[in-house]
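Heavy atoms only: backbone and side chains are in, while hydrogens, waters and symmetry mates are out.
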Amino acid sequence: MKRVLLLLLAGVLSVGLAACGGGFAGYDPETTAQALLDSGAFEDALDTLDEESACMVYGLDPEQVEDCVAYASITAGAEEIAVLRMTDEDAAKAALESLKGRVEDQIAALKDYQPEEVGKLDGAILDRQGTTVLLAVPASHDLAQAALDALR
């Protein structure tokens with residue numbers, strides 16, 4: 001009986017430690033995008049991009065995208081959100097590089113005719129957690145970051 005109780009206790013402890021030590025597993029595309037939209041961090045009106053359009057905009061292989069929620073400014077401003085779940089970590093690493101390239105391209109494109117938007121791009125939030133990747137270009141970096149921190 002004593003041995004059974006010790007085994008049960010060890011099992012409960014290992015499950016508890018795994019739950020605590022697992023860390024942040026990644027971004028849920030729908031939940032994360034909605035939290036960002038609700039955060040008040042965006043000034044521009046944003047509209048959804050379907051997965052095919054998002055793959056074109058971000059230079060992604062559609063075969064490597066499992067889930068995608070993306071929003072772009074309808075005013076041709078810099079503000080946007082992309083939360084992607086990729087097929088594996090290598091695809092996520094490649095997607096993060098593509099998103100970084102998107103930010104650089106946007107800075108180059110907007111610096112002459114919408115220089116006020118470049119500051120938003122300088123404060124872009126880019127992150128990868130496991131197989132998920134995030135790009136947020138908000139008007140308020142602090143509000144967007146607070147929304148993301150609340151998800152962890």
Side-chain angles (χ1 to χ4, degrees), residues 12 14-152:
V12 168
S14 66
V15 168
L17 288 174
C20 292
F24 182 61
Y27 298 102
D28 173 70
E30 188 67 40
T31 303
T32 303
Q34 191 61 54
L36 287 166
L37 289 170
D38 293 342
S39 71
F42 296 85
E43 295 173 351
D44 289 353
L46 301 177
D47 196 13
T48 58
L49 288 177
D50 61 55
E51 187 172 314
E52 181 180 344
S53 298
C55 286
M56 285 185 5
V57 166
Y58 300 118
L60 303 171
D61 178 355
E63 295 293 318
Q64 295 183 325
V65 178
E66 287 187 347
D67 194 7
C68 168
V69 177
Y71 292 86
S73 172
I74 63 172
T75 65
E79 294 182 27
E80 63 187 291
I81 299 168
V83 189
L84 310 158
R85 181 177 300 117
M86 307 303 288
T87 55
D88 57 45
E89 287 197 25
D90 288 337
K93 289 175 186 174
L96 181 61
E97 291 307 310
S98 291
L99 294 177
K100 287 178 183 177
R102 165 70 175 177
V103 171
E104 292 168 8
D105 291 348
Q106 285 289 87
I107 289 171
L110 295 175
K111 70 179 179 182
D112 291 330
Y113 77 95
Q114 284 184 302
E116 69 281 359
E117 294 293 300
V118 173
K120 295 175 185 178
L121 290 157
D122 289 337
I125 301 169
L126 289 151
D127 193 23
R128 181 184 70 83
Q129 298 292 326
T131 61
T132 62
V133 185
L134 165 84
L135 166 63
V137 182
S140 171
H141 176 90
D142 292 342
L143 288 174
Q145 190 61 57
L148 294 172
D149 292 344
L151 294 173
R152 291 179 182 232

(message) For D28, is there any backbone N or O sitting under 3.5 Å from a side-chain donor or acceptor partner on T32?
(response) yes
(message) Any non-hydrogen side-chain atom of V65 less than 4.5 Å from a side-chain atom of C55?
(response) yes
(request) Kindly compute the distance separating CZ (R85) from CD (E30), expressed to the nearest 0.5 Å. (result) 11.0 Å
(message) Tell me the closest heavy-atom pair linking A41 and A144, and the distance in Å.
(response) CB-N, 3.5 Å
(request) Please report the closest heavy-atom contact between A92 and G130, naming both atoms and the distance. (result) CB-O, 3.5 Å
(request) Specify the closest pair of heavy atoms between G59 and S98, including all atoms of both residues, with the distance to one decimal. (result) O-OG, 3.7 Å
(request) Considering non-hydrogen atoms only, spot the tightest contact between F42 and P138 and give its length. (result) CE2-CA, 3.5 Å
(message) What verdict does the side chain to side chain contact (heavy atoms under 4.5 Å, CB included) test give for L60 and Q64, after you've listed the backbone C-alpha separation in whole Å, the side-chain angles of each residue and the deciding distance to 0.1 Å?
(response) CA-CA 8 Å; L60 303 171; Q64 295 183 325; over 6 Å; no
(message) Could you measure the distance from the CG atom of L143 to the OG atom of S39? Nearest 0.5 Å is fine.
(response) 6.0 Å
(request) Could you tell me which residues satisfy side chain to side chain donor-acceptor pair (under 3.5 Å) with Y71, sequence neighbours excluded, listed by chain and number? (result) none
Please tabulate, for side-chain N and O atoms in residues 115-127, each donor-acceptor pair with protein atoms closer than 3.5 Å (sequence neighbours left out).
from : atom 1 : to   : atom 2 : distance (Å)
E117 : OE1    : A78  : N      : 2.7
E117 : OE1    : K120 : NZ     : 3.4
E117 : OE2    : K120 : NZ     : 3.1
K120 : NZ     : E79  : OE2    : 2.7
D127 : OD1    : Q129 : NE2    : 3.3
D127 : OD2    : Y27  : OH     : 2.4
D127 : OD2    : Q129 : NE2    : 3.2
D127 : OD2    : R152 : NH2    : 3.0

(request) Would you mind reporting whether V103 and L135 have side-chain heavy atoms less than 4.5 Å apart? (result) yes
(message) Measuring from atom CG of L96 to atom OG1 of T132, what distance do you get when rounded to the nearest 0.5 angstrom?
(response) 10.5 Å
(request) With sequence neighbours excluded, tell me which residues meet side chain to side chain donor-acceptor pair (under 3.5 Å) with R128. (result) none
(request) State, with a plain yes or no, whether a side-chain heavy atom of V133 is found less than 4.5 Å away from one of L99. (result) yes
(request) With rounding to the nearest 0.5 Å, note down the distance linking CD in Q114 to OG in S73. (result) 8.0 Å
(message) Once rounded to the nearest 0.5 Å, what's the spacing between atom CG of D105 and atom CG of L110?
(response) 10.5 Å
(request) Taking all non-hydrogen atoms of both residues into account, name the closest pair between L36 and A136 and its distance. (result) CD1-CB, 4.1 Å
(request) Nearest 0.5 Å please: distance from the CG atom of L151 over to the CD atom of Q34. (result) 11.0 Å
(request) Kindly give the heavy-atom pair with the smallest separation between A72 and E80, and that separation in Å. (result) CA-CB, 4.2 Å
(request) Please answer whether the main-chain N or O of E52 pairs with a side-chain N or O of D50 as donor and acceptor at a distance below 3.5 Å. (result) yes
